[in-house]
Amino acid sequence: MWLGRGVAQQVVASGLRCIVSNQDKWYLHYLDTTWQEFYMNEPLTNITNSKQQKLVIGGEVCMWGEYIDGSDIEQTIWPRAAAAAERLWTPYDKLAKDASEVTGRLAYFRCLLNQRGVAAAPLSGPGRVAPFEPGSCYVQ
């Protein structure tokens, strides 16, 4: 059931644990949302009580299937899902304050995915875009 905004706040205020599914920036089929926006999206927005924050046990990115098919699913998922994952598992005090600080790690991860046959999209634009330059595993 679609519940809309502010549900995580209500759930943790009731004392229940939750997994954040943030509709603001973590929908993969919104192709104009960049990996930087995935990384900088705060899953604890408006949950300021530290006890309630501890009830948020994880997060997820989502995608509606009518916007993709087998030819573009990997480019739609990667590297933006990786940016959200790093955001979720990095302790708050260790998060990069600027998404550009994680570019090297994500570029390297994308390269590893490509080497393993996963068609991850380039970091140089929003969701499914053609690369601006031939890719390599070199991180500057």
Side-chain angles (χ1 to χ4, degrees):
M1 180 168 105
W2 182 256
L3 300 175
R5 297 176 188 252
V7 174
Q9 291 171 257
Q10 296 169 19
V11 170
V12 297
S14 299
L16 301 171
R17 294 181 301 163
C18 77
I19 295 172
V20 173
S21 180
N22 193 315
Q23 67 188 20
D24 293 333
K25 296 290 179 190
W26 284 351
Y27 272 96
L28 292 163
H29 61 274
Y30 292 159
L31 298 180
D32 59 340
T33 306
T34 64
W35 71 264
Q36 293 94 331
E37 291 173 286
F38 272 71
Y39 184 84
M40 297 307 291
N41 195 31
E42 174 52 64
L44 298 177
T45 296
N46 299 321
I47 302 173
T48 56
N49 179 298
S50 62
K51 288 182 182 179
Q52 292 176 0
Q53 288 176 345
K54 291 176 183 171
L55 294 172
V56 177
I57 59 172
E60 67 177 353
V61 295
C62 303
M63 178 169 44
W64 289 97
E66 65 267 23
Y67 296 102
I68 54 129
D69 65 21
S71 70
D72 61 11
I73 189 168
E74 291 176 341
Q75 299 94 327
T76 305
I77 295 171
W78 304 109
R80 295 179 306 148
E86 180 167 317
R87 178 73 178 81
L88 286 164
W89 69 53
T90 302
Y92 187 79
D93 60 332
K94 302 233 187 269
L95 283 171
K97 303 302 178 221
D98 182 340
S100 65
E101 296 174 35
V102 301
T103 302
R105 284 194 301 279
L106 280 182
Y108 183 72
F109 180 66
R110 176 190 180 258
C111 184
L112 293 176
L113 288 171
N114 288 165
Q115 287 179 337
R116 289 168 173 85
V118 177
L123 297 176
S124 56
R128 302 185 301 249
V129 295
F132 293 125
E133 299 175 18
S136 70
C137 288
Y138 299 108
V139 178
Q140 298 177 349

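- Note on ring orientation: taking the six-membered ring where Trp is involved, the planes of Tyr27 and His29 are perpendicular (angle over 60°, cut-offs 30° and 60°).
- Legend: residues meeting side-chain contact (heavy atoms from CB on, under 4.5 Å) with Leu88, ordered by chain and number and at least two apart, are Trp26, Pro43.
- When every heavy atom of Ala8 is checked against every heavy atom of Cys18, the shortest pair comes out as CB-SG, 4.0 Å.
- Going from atom NZ of Lys51 over to atom CG of Asn49 covers 7.5 Å, rounded to the nearest 0.5 Å.
- Cys62 and Glu60 get closest at one heavy-atom pair: SG-OE2, 3.8 Å.
- No donor-acceptor distance shorter than 3.5 angstrom exists from the side chain of Gln52 to the backbone of Gln9, with no hydrogens or angles considered.
- In this structure, the side chains of Ile57 and Ile19 come closer than 4.5 Å at one or more pairs of heavy atoms.
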Check your understanding: Step by step, would you call Arg80 with Val61 a side chain to side chain contact (heavy atoms under 4.5 Å, CB included)?
Key -> CA-CA 9 Å; Arg80 295 179 306 148; Val61 295; over 6 Å; no
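- For Thr48, there are no side-chain contact (heavy atoms from CB on, under 4.5 Å) partners, not counting sequence neighbours.
- Of all non-hydrogen atoms in Ile68 and Thr76, the two that sit nearest each other are CG2-OG1, 3.7 Å.
- Considering CD of Glu86 and CH2 of Trp35, their distance stands at 8.5 Å, rounded to 0.5 Å.
- Residues Leu106 and Ala83 come closest through the heavy atom pair CD1-CB, 3.8 Å.
- By the side-chain contact (heavy atoms from CB on, under 4.5 Å) test, Ala120 is found to be paired with Trp78, Arg110, Leu113, Asn114, residues two or more places apart in sequence or in another chain being considered.
- Judged as a salt bridge (charged side-chain N to carboxylate O under 4.0 Å, His left out), and not counting sequence neighbours, Glu74 has no contacts.
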Output a table of donor-acceptor pairs, distance under 3.5 Å, between side-chain atoms of residues 93-100 and any protein atom two or more places apart or on a different chain; print 'none' if there are none.
residue: Asp98; atom: OD1; partner: Ser100; partner atom: N; Å: 3.0
residue: Asp98; atom: OD1; partner: Ser100; partner atom: OG; Å: 3.1
residue: Asp98; atom: OD2; partner: Ser100; partner atom: OG; Å: 3.3

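- Applying the salt bridge (charged side-chain N to carboxylate O under 4.0 Å, His left out) rule to Glu42 yields the partners Arg87; only residues at least two apart in sequence or on another chain are considered.
- When all heavy atoms are compared, the tightest approach of Glu37 to Asp32 is OE1-O, 3.7 Å.
- Formation of a donor-acceptor pair under 3.5 Å by the Asn41 side chain with backbone atoms of Phe38 is not found in this model.
- Between Leu123 and Thr103, the shortest heavy-atom contact is CD1-O, 3.7 Å.
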